[in-house]
2 protein chains.
Amino acid sequence: MDELNYVPNRLAGGLSGTRSDIVGVVVTSLYHSEFASILDALQSALLKSNLQVMLANTRYDPDQEVTLVRSILSWRPAAVAIIGVDHPPKVTELLRASGVPIIEMWDIGGDVIDTAVGMDHTAVGAAQARHLIERGCKSLAFLGSMRDNDARAQKRATGAAQAITAAGLNDLVFATRPEAGKPDLGDHLARELLSKHPGIDGIICNSDVIAFGVLRALKDLGKRVPEDISVIGFGDSEASSCMTPSLSTVRPDRQRIGEKTAEAILARIDDEPSTTMTLDCELVTRDSTRSI
Amino acid sequence: MDELNYVPNRLAGGLSGTRSDIVGVVVTSLYHSEFASILDALQSALLKSNLQVMLANTRYDPDQEVTLVRSILSWRPAAVAIIGVDHPPKVTELLRASGVPIIEMWDIGGDVIDTAVGMDHTAVGAAQARHLIERGCKSLAFLGSMRDNDARAQKRATGAAQAITAAGLNDLVFATRPEAGKPDLGDHLARELLSKHPGIDGIICNSDVIAFGVLRALKDLGKRVPEDISVIGFGDSEASSCMTPSLSTVRPDRQRIGEKTAEAILARIDDEPSTTMTLDCELVTRDSTRSI
DNA sequence: TACCGTTGCGTTATCGTTAACTTTATGCCA
DNA sequence: TGGCATAAAGTTAACGATAACGCAACGGTA
């Protein structure tokens, strides 16, 4: 086999055999390691069970999501892992009708198709807001990229708004845009926010990458962090600990999500019952929200 | 079809049909968007031609590379895109024997199998070194994660060493480790480097993420950047412009690599001749190497 | 009307492997 | 040594599409 460079034809094998060794993975983005490290952990765990990942990237486009899910299912995968629990109705329908184990990652709650491994994003948003409130912030804003189909970001914003109402503070101010989350966007939105709402003393960013731009803008505007304004991010990007000031954030354990998803896939292939696994996020307190 | 949620079986279609619509993509890492944004651009370009990406991640493990390439080929892909031009001999042999169009990405030079789209990493390393030399640095170090199988990093280091020799300066000092490139590693290596070689006044980092840790360590050690030590990274991570001081770096146009790879794949599927495409990197001068 | 080229439609071999099935060989015991 | 259970080996029918093929219908021309 080796000498002739023979490579078996898995299309034939898959067509004939009873089980497939493809796992379809549907993500909404690959930028900024948002899901890349989940994918990394998932893939290396699946490798041990000889499962091959087939990747689809919807780029937050719901039409693409339908197309790509159909495309993934056409490979008769052993299982499908997909980001989020909020999908276009047709996606849910296709996945349900396929009879294939479906693992929804990153988010939980509501209408889980089969099995879910993720965080409670409403709780995350509430935790971010409460952290800033504990630090003495009185006037909070939620800032960042917010895609129409990023239900997670919307849940975090909702959670934050609820926590603020519960604390009896002024309403949460929104500074969002449906564009991709890059530092320049954070920079721009921070300037715009402070010119309209000069009293803001706490900013919840929708991602660390956005927060980087916010920190840059605040420095440029002569605002001290955290003395004048506290900033908290989401995602714990590797660079966050190296910012000046270092960025407080919320750390989702992406590696664990990937590993647990792999476990769930194997369990469901083995016909074990479906479950929902809620993972906690760690609040990482650094200098951008340090008590003063 | 829609009503019954019918999804055609592509295993059957692939087995029967003359052409496959899979493109195998082999990367060495997914962390830190090193290749994630190439993948992102590649995938969205291929989507327009109804080509599906099948992903494999070797994690810089040459044995895995052989296994994964074999696995990818077993799907009878329409083309294979793979990071790098330096592979284990068996990989080259398998790819050659497969008769499938092969696009090597990210690096160029030497023993191209078929078509390559990438940068001259030796030139990149030389450009980094020359930039620091122009800024007045006399004693340079190359610092970062260096995997045994990361031929690109080795080429950049070689290029830097050659430029230094050409300038008649002291030999390049190496501070490398075969571990994954994270800020903590950069932090650690910078401290170790400066305790052994206190005269170092210019550090070439193997990645921006490593450089973040270096900047953090230097700040902690009371070294001024760029007054005492200049630092340059590689990769132009999104956070780099938000560092204090902002990080000078080299920007490979990942999006363009992805797009050009997609173009090359389509061209080769159409039986157009193979080519090698050299892309230039932009030197991004920021405060960490600003003239003083 | 006969002829021929074109089109449309229905049938069937084929892709390369797996798994079920049949046949043959082997080993053990009475 | 025969009989039977078991193991090994060999054979064949799927798997679900595609594409080649054959045949009938059709239309234009001589």
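In the text below, chain A, chain B and the rest are named by the order of the sequence lines, each starting its count at 1.
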- Query: Any side-chain heavy-atom pair from B:Val117 and B:Glu104 closer than 4.5 angstrom?
  - Reply: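 A side-chain contact is absent here, since even the closest heavy-atom pair is not under 4.5 Å.
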Integer-rounded Å distance: [N] [atom2] and [X] [atom1]:
X: A:Leu73; N: D:dG16; atom1: CG; atom2: C1'; value: 16 Å
X: A:Leu11; N: D:dA14; atom1: CG; atom2: P; value: 22 Å
X: B:Arg76; N: D:dA17; atom1: CZ; atom2: C1'; value: 17 Å
X: A:Leu15; N: D:dG16; atom1: CG; atom2: P; value: 7 Å
X: A:Arg10; N: D:dA17; atom1: CZ; atom2: C1'; value: 20 Å

- Show the numbers, then the answer: is there a side chain to side chain contact (heavy atoms under 4.5 Å, CB included) between B:Ile82 and B:Glu65? CA-CA 10 Å; B:Ile82 185 167; B:Glu65 189 172 342; 3.6 Å; yes
- Item | Charged tip of B:Arg254 within 45° of B:Phe35 ring normal and under 6.0 Å |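 Negative - B:Arg254 is either too far from the ring of B:Phe35 or too far off its axis.
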- First and last nucleotide of DNA chain C, 5' to 3', lying under 4.0 Å from heavy atoms of chain A: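 Both ends considered, the range comes out as C:dG16 to C:dA19.
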- Message: Using 0.5 Å steps for rounding, measure from the CD1 atom of A:Ile108 to the CG atom of A:Leu279.
- Response: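 If I round to the nearest 0.5 Å, the distance is 8.5 Å.
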- Item | Exam field: side chain B:Lys155 to backbone B:Gly125, donor-acceptor pair closer than 3.5 Å |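 It does not hold such a pair.
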- Working for side chain to side chain contact (heavy atoms under 4.5 Å, CB included), residues B:Leu42 and B:Ile265: CA-CA 10 Å; B:Leu42 175 60; B:Ile265 288 172; 4.1 Å; yes
